[in-house]
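Every chain is numbered from 1, with letters handed out A, B, ... down the list of sequences.
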2 protein chains.
Amino acid sequence: MYIKKTTPTLNCGLDLVGEVLYGKWKIRILWFIHNGNVRPSELQRKIPDVTRRVLNVQLKELEDHELVTKTIYPVLPPKVEYRLTEFGKTLIPLIQSIGLWGDEHQERLRRVILKTNGKLDLDDVPVS
Amino acid sequence: MYIKKTTPTLNCGLDLVGEVLYGKWKIRILWFIHNGNVRPSELQRKIPDVTRRVLNVQLKELEDHELVTKTIYPVLPPKVEYRLTEFGKTLIPLIQSIGLWGDEHQERLRRVILKTNGKLDLDDVPVS
DNA sequence: CCGGATCCTCTGAGATACTG
DNA sequence: CAGTATCTCAGAGGATCCGG
């Protein structure tokens with residue numbers, strides 16, 4: 001899940017949040033970082049579908065938006081760590097609530113999503 | 001602000017929420033509908049930047065996902081009303097929390113967003 | 001282990017015009 | 001007032017390769 005940039009006019013709080021959370025993997029990244037320092041390679045293992053390039057791009061944006069900080073250790077092999085800023089941490093409860101809501105309504109959500117996507121499991125559909 | 005479809009594998013609640021909230025205007029639509037019945041023309045006045053086509057597409061998806069219901073009155077001129085389902089209503093507190101967080105951190109958010117976008121309001125910048 | 005640069009794909013969403 | 005059909009396009013994000 002991710003939130004995407006949209007509004008030309010940034011009036012309400014909802015718009016502003018959209019700006020900083022925009023990006024396909026932002027929310028997941030924040031979630032995985034939320035308890036401790038994380039290295040890029042760990043992140044990639046946790047989120048296997050994202051490529052390194054995109055991961056870096058989105059981390060950079062999160063950094064620019066002051067939600068995470070990046071620490072570079074001048075060692076060999078290179079070591080980099082990300083962690084949430086205090087500001088970033090204030091976002092975690094929200095992400096958690098959203099995740100909880102999703103968990104609570106998991107069955108219904110799966111049902112309506114499947115219904116809509118038309119990705120019915122053809123395996124289960126009788127030919128009749 | 002909007003949440004976009006993403007995850008091929010729908011494992012956690014976060015992913016599921018992403019599926020149903022995916023769409024550039026979904027969250028705003030839900031927000032505007034959240035206290036009462038709303039007609040398409042009203043929605044468009046509230047969200048002037050969206051086109052009728054896209055509005056219809058997203059409303060249809062919200063309907064398919066059982067977050068809103070559509071009522072068609074067989075009268076002339078045509079009259080249509082949308083309202084939240086009970087399921088849809090359970091989502092409102094989350095949207096509200098996000099909006100509140102955005103409002104609370106409004107100034108900081110504007111700052112970092114402007115900094116990043118580089119879209120400084122040239123009007124307000126003294127020539128000096 | 002880490003990041004950056006290039007190239008390419010794909011699809012959501014805008015514009016427009018037409019019907020009931 | 002409400003809905004649908006085409007056409008088009010930007011740009012987010014994926015694939016790959018290379019360099020420190």
- request: Under 3.5 Å for both distances, Watson-Crick or G-U wobble, that's the pair rule; now give the dot-bracket for DNA chain C, with | marking pairs to another strand and [ ] for crossing ones.
  value: |.||||||||||||||||||
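A donor-acceptor contact under 3.5 Å is not formed by the side chain of A:R53 with the base of C:dG3.
Within the structure, the salt bridge (Lys or Arg N to Asp or Glu O under 4.0 Å) test picks out no pair touching residues 50-59 of chain B (sequence neighbours left out).
Within residues 67-82 of chain A, the residues having any heavy atom under 4.0 Å from DNA chain C are, by residue number, A:K70, A:P77, A:P78, A:V80, A:Y82. Sorted by residue number, the members of residues 32-46 of chain B with any non-hydrogen atom under 4.0 Å from DNA chain D read B:R39, B:P40, B:S41.
A:K60 meets the salt bridge (charged side-chain N to carboxylate O under 4.0 Å, His left out) test with A:D64; sequence neighbours excluded. A:E66 pairs by the salt bridge (charged side-chain N to carboxylate O under 4.0 Å, His left out) definition with B:R108, B:R111, B:K115, not counting sequence neighbours.
With C:dA13, D:dG3, D:dA15 as the candidates, the nucleotide lying closest to the side chain of B:N56 is D:dG3.
In this structure, A:Q58 reaches the D:dG13 phosphate: one of its side-chain N or O atoms is under 4.0 Å from OP1 or OP2. Of the side-chain N and O atoms in B:K24, one or more sit less than 4.0 angstrom from OP1 or OP2 of C:dG14.
Using a 4.0 Å cut-off between a side-chain N of Lys or Arg and a carboxylate O of Asp or Glu, B:E86 and B:K89 qualify as a salt bridge.
Atom NZ in B:K26 sits roughly 10 Å away from atom P in C:dG12 (whole-Å rounding).
Comparing B:R52 and A:E61 against DNA chain D, the residue whose closest nucleotide sits nearer the 5' end is B:R52.
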